[in-house]
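This chain uses plain numbering: 1 for the first residue, then up along the sequence. Fair warning: this is a prediction, and the values are worked out from it, not measured in the lab.
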Amino acid sequence: MDYPYLTCREFKECVERFVKRYRSALEDSGTRVEQQTSSTGRQYLVLQRAVYTKRTVSTPVHNEENIEDDDPAGPVSEHIADDGTRIEYHTVYSATWRVPVLYVRVVTSSGEVVLDGKRVCDMVTEDVEMRQAMAAVPFGGALGVTDHPELGVPFLYLHPCHTADLLRAVVAPPGQQEEIGQSVGPDEYLAAWLSLSGAAVGLTLPSIGYC
């Protein structure tokens, strides 16, 4: 493994190990996990979940000893799933860049496919600073639009030009963890990459321990 680069076969192995290791925890948290095979025989990873919106529900405050008409309500914030709106995260191997590429799309309850990067970030990313940073990238933001390489339909995607540098900066190849402090092999490659890139589009992974 020529970390952080992958061959197509190594990517397939990383997908298989990710699914084996994370499927249960992800599905327990409401994220569907699929290992798809394209018509050309190439494998890729699909994660799908409901899009959640943060709504504030006001709950009356009852004080039996001193009840007044203008008693303030107690606001309670909670996450409620949008009716049928889903977000899909497709992790696909790029033979050109030799790293994974993240493709994203939101499909609303009416069947609309949302391909506006700012709108998607507003829908799925609560972190205001993250949304602003994504929007501040020149040429329309950090999310571009292109055809999915295996499905042939438009998706948003995060350009992979800095993926290798990002992975090098935070994690080390197996056997070289002394320099950076953390080593990533096939078992954790996709988890490390998704943890770095997924936050920009509302994707987080559950914490799981080693058995």
Side-chain angles (χ1 to χ4, degrees), residues 1-49 86-106 124-125 142-144 146-153 155-211:
M1 184 176 178
D2 183 22
Y3 182 90
Y5 300 106
L6 297 173
T7 65
C8 186
R9 178 176 292 183
E10 288 169 341
F11 173 76
K12 178 182 176 182
E13 180 184 1
C14 288
V15 170
E16 291 171 348
R17 295 196 184 192
F18 177 90
V19 170
K20 181 178 180 180
R21 182 162 170 73
Y22 281 87
R23 169 173 267 159
S24 178
L26 280 166
E27 292 189 344
D28 285 348
S29 68
T31 299
R32 183 177 174 182
V33 180
E34 295 181 345
Q35 187 174 344
Q36 297 278 13
T37 302
S38 69
S39 59
T40 59
R42 290 188 289 265
Q43 291 194 3
Y44 58 99
L45 175 69
V46 177
L47 305 178
Q48 184 184 110
R49 67 168 177 82
R86 312 290 296 180
I87 184 166
E88 301 174 13
Y89 305 96
H90 293 217
T91 300
V92 183
Y93 178 69
S94 168
T96 301
W97 295 93
R98 298 173 57 205
V99 293
V101 180
L102 186 61
Y103 293 82
V104 182
R105 73 172 177 178
V106 169
V124 303
T125 308
L143 286 171
T146 191
D147 283 348
H148 190 294
E150 305 298 345
L151 301 179
V153 296
F155 268 69
L156 291 165
Y157 81 114
L158 288 168
H159 199 281
C161 59
H162 297 300
T163 296
D165 291 337
L166 186 61
L167 284 168
R168 281 197 203 97
V170 295
V171 291
Q176 299 181 25
Q177 58 267 36
E178 291 183 4
E179 183 179 348
I180 299 178
Q182 183 179 0
S183 174
V184 169
D187 283 339
E188 289 296 326
Y189 183 100
L190 285 187
W193 173 74
L194 285 170
S195 296
L196 293 169
S197 59
V201 284
L203 175 61
T204 58
L205 297 181
S207 298
I208 60 175
Y210 282 93
C211 298

Apply the test side-chain contact (heavy atoms from CB on, under 4.5 Å) to residues Y103 and T146: give CA-CA distance (whole Å), side-chain angles for both, the deciding distance (0.1 Å), then the verdict. CA-CA 9 Å; Y103 293 82; T146 191; 3.7 Å; yes

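- We find the OH-CZ distance between Y3 and R168 to be 9.0 Å, quoted to the nearest 0.5 Å.
- When all heavy atoms of R49 and G202 are compared, the closest pair comes out as NH2-O, 2.9 Å.
- Counting heavy atoms from C-beta outward, L6 and V99 have side chains that stay 4.5 Å or more apart.
- Summarising the geometry, atom OG1 belonging to T91 is positioned 6.5 Å from atom CG belonging to L190; distances are rounded to the nearest 0.5 Å.
- By the 4.5 Å heavy-atom criterion applied to side chains, Y189 and P100 are counted as neighbours.
- Classification of the Y44-H90 ring pair by plane angle, with boundaries at 30° and 60°, yields parallel.
- A heavy-atom distance below 4.5 Å is not found between the side chains of L203 and V124.
- Heavy atoms only, all atoms of each residue included: L167 and P4 are closest at CB-CB, 3.9 Å.
- In this pair, Y157 and H159 present their aromatic rings tilted. The plane angle is within the 30 to 60° band.
- Rounded to the nearest 0.5 angstrom, Q35 CD and K20 NZ are separated by 12.0 Å.
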Go through the steps to decide whether Y93 and Q43 satisfy the test side-chain contact (heavy atoms from CB on, under 4.5 Å), and finish with yes or no. CA-CA 8 Å; Y93 178 69; Q43 291 194 3; over 6 Å; no

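- By the 4.5 Å heavy-atom criterion applied to side chains, L45 and V33 are counted as neighbours.
- Shown here for P149 and V92, the closest heavy-atom pair between the two residues is CG-CG1, 3.6 Å.
- Here T163 contributes atom OG1 and L196 contributes atom CG; the two are 9.0 Å apart, rounded to the nearest 0.5 Å.
- For the residue pair P206 and A25, the shortest heavy atom distance occurs at CG-CB, 3.6 Å.
- Atom OH of Y22 and atom OG1 of T31 lie 13.0 Å apart (nearest 0.5 Å).
- Here the closest non-hydrogen pair linking W193 and V101 is CH2-C, 3.7 Å.
- If you take CZ on R42 and CD on Q36, they are separated by 14.5 Å, rounding to the nearest 0.5 Å.
- Ion pairing between a basic and an acidic side chain is recognised when a charged N comes within 4.0 Å of a carboxylate O; R32 and E34 show such pairing.
- For the pair R105/L156, no side-chain contact is recorded, criterion being any heavy-atom separation below 4.5 Å from C-beta on.
- Using a 4.5 Å heavy-atom cutoff, the side chains of E88 and F155 are in contact.
- Smallest separation of non-hydrogen atoms from A191 and F18: N-CD1, 3.9 Å.
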